[in-house]
2 protein chains.
Amino acid sequence: MRQNTKTGTDRVTIAQVAREAGVSKTSVSRYLGGEFDALSVRLRDQIGKTIARLGYQPSQMARGLKGGRTRLIGMLVADILNPYSVAVLHGAEAACQKYGYTLMLCNTGNDEEREKQSLAALHSYSVEGLLFNTQGRNVTPLKELGQAAFPVVLLDRRIEGCDFDLVGLDNVKAAQLATRHLLAQGYTDIALVVQPLYGVSSRQGRQAGFLQAMSERSDCHGETLEVHIDQPGHTATVLREFFERRSGSGGRVAILAGNGMVSLQIALALQSMKLGFPDDVGLLCFDELSWSPLVGSGISTIEQPTYEIGFTAIERLLVRINGERSVRMEILLDGRLISRGSSVSVAGSEDMALSSRVAQKMRKAAATAAAGIAA
Amino acid sequence: MRQNTKTGTDRVTIAQVAREAGVSKTSVSRYLGGEFDALSVRLRDQIGKTIARLGYQPSQMARGLKGGRTRLIGMLVADILNPYSVAVLHGAEAACQKYGYTLMLCNTGNDEEREKQSLAALHSYSVEGLLFNTQGRNVTPLKELGQAAFPVVLLDRRIEGCDFDLVGLDNVKAAQLATRHLLAQGYTDIALVVQPLYGVSSRQGRQAGFLQAMSERSDCHGETLEVHIDQPGHTATVLREFFERRSGSGGRVAILAGNGMVSLQIALALQSMKLGFPDDVGLLCFDELSWSPLVGSGISTIEQPTYEIGFTAIERLLVRINGERSVRMEILLDGRLISRGSSVSVAGSEDMALSSRVAQKMRKAAATAAAGIAA
DNA sequence: CTGTTAGCGCGTTCAC
DNA sequence: GTGAACGCGCTAACAG
């Protein structure tokens, strides 16, 4: 009994099938390739039976060695803990399964070095194409791929200097939709809270849409706030400063969260400041999350068609893999506004201008907290 | 210029390196294998330089073809949308990266057919081992793997009739911890809410721990509630019935959610019934989620060491891959109680027995909703 | 229609 | 130390 060195698993080979069926390897290979018109009915039948009996499965590795068709797709994810990434992954995996491809997954954790290593690893397995969602900095190895016309589809973020296809959200439009919703609800002082803009096109796109929508209303104030979500308390500090700054405006304050990760930090920060929405501050977040309906009276969101983004990205990648050489293409999908309690305007229940009331309440919460620490 | 058929990518081969360096393939191969003592210093240097210059990377496919060491690990996930799965995946991916393996990911979506197909796909790539987290029903193909002594590590759920290693939570102990916490907080009528128990060992383990802890207190009442979370409104219905049933007990009602998916449904159901925690009902959930601190006064949870579970599972798998043949092993990690507002006993602020107040409030909410629909 | 032959890129003897 | 030669499982080009 032949055995695989380590595992003890018998791997049935094409040669065994051929021998048992009394035919040549070529015929079996043809059978597998679906070239039935080049096989007599008798042979076809014989081969089919033998394959079934032996439980033979062709080795994709050997297959790929020759033709280069490994039916493997590599996916590089910036942060597997980001719900957006997972949701896109879900769609991508489904598409792979549909088209008979398998996904090799690498999480880079926003680390350049690991990104490089992962790229190398995927390359060493001869993946036919790459789905890429990662930090857009220092991407020399990627550019080489671009010059080699290697099939790559970018997710969510453009990369400067690379003409890869892209699938993602129409960020400008979505941000406009979001901003106009807040304005329509009577909010006048709006902060777009995002992670660092530098190098990340999707964030920049959202800012562009935000600024554009704000510019249509000269009576309102909008500003962009950058937060570092891995730095505990930073979001709260930034928000606090914003509220203080706007405390004299006499307007209604609202926050537009740039993505799901930021939403969480904002929700936590507001909670720690004892600020509620929409009573104290309006809130609208990019990315629909499972818990969006749960917090307070529900958080309004801009939902991204994440599953579709992943699915479409794979389909686009397959088109490239199959040799299409047309110019760079961007597929931008629309976001959908889900309106919940956090962004409805509170019908003037209070006379005091909201902005000042918020600042006051916030200071009180801070004082309480300080007292608590002192005690 | 040699080109890969489709992509135009030049794949540097070991032969090219040998030619350019003016040595034989064997020498290059030895260099890669680290057999430096069998190489003259001059050759070694020459080869190293050539490899760097050409950017050569050995093909794992060709490598695996011969020795069977593909450095590939397959992971089958029951539901990629389940945060637990993703968290475990995170740890597993990290371990793979650490040990120079790459993960092939398949999502089965709790579907038997897709599970079989995925298994076949992974097999066709000669993965060296399998990480398995999926429904425990109809697993004939898996059992075959077991008989072939193919390296497999189970995540979270045991599978009857298979003696694979398992890494997961110590469910019995964790459920005891959870239940005792609720009892200690003064809750007397506790419902463990889980997805269907049949065939899923982890759920059964949690129930066992729950029942055991409840049995220590004859004055308290515990029951297990099965819910179908993909069936909208089912959770709410089941909870409603439970509350009605206990309305006469005069005790304090609490819910123990069996996992993160159930937690979400419960939170939504309670919200729809206008019931708050801990005022109306105590709540403790398996699985720490990003939003656990956010809802109401915070949801108490039993946190699983998910990252560690994934990481450990890969390590255990590698041990198996490297030939260890010892008997089946279970690695059970401990859960951690994170106590928040949802499970603290409300110091007798109300005289009316909680259980009846809950039922009353719930009926009122239902009536309001009905009126709303009628209008 | 069918079998023979020659690689794909690499690891591994086995002689030199 | 070093290199030629073979085989892994499969596909493709070339005969018959």
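Throughout, protein chains are lettered first and strands after them, A, B, ... in sequence-line order, and every chain is numbered starting at 1.
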B:E20 and B:L54, any side-chain heavy atoms less than 4.5 Å apart: yes

Are OP1 or OP2 of [N] and a side-chain N or O of [X] less than 4.0 angstrom apart?
{"X": "B:S59", "N": "C:dG9", "value": "no"}
{"X": "B:Y56", "N": "C:dC10", "value": "yes"}
{"X": "B:T26", "N": "D:dT2", "value": "no"}
{"X": "B:S27", "N": "D:dG1", "value": "no"}
{"X": "B:S29", "N": "C:dT12", "value": "no"}

Closest nucleotide among D:dG7, C:dG9, D:dC10 to the A:T13 side chain: D:dC10

Length of the line joining A:R30:CZ and C:dT4:P, which is rounded to integer Å: 12 Å

Closest-nucleotide ordering on DNA chain C, the 5'-leading residue of A:K66 and B:K25: A:K66

A:S118 OG to A:M104 CE distance, which is reported to the nearest 0.5 Å: 10.5 Å

Stepwise ring-ring contact (aromatic ring centres under 6.0 Å, His included) check, A:F164 with A:F132: CA-CA 10 Å; A:F164 295 128; A:F132 218 97; 7.8 Å; no

Exam field: side chain A:E128 to backbone A:T70, donor-acceptor pair closer than 3.5 Å: yes

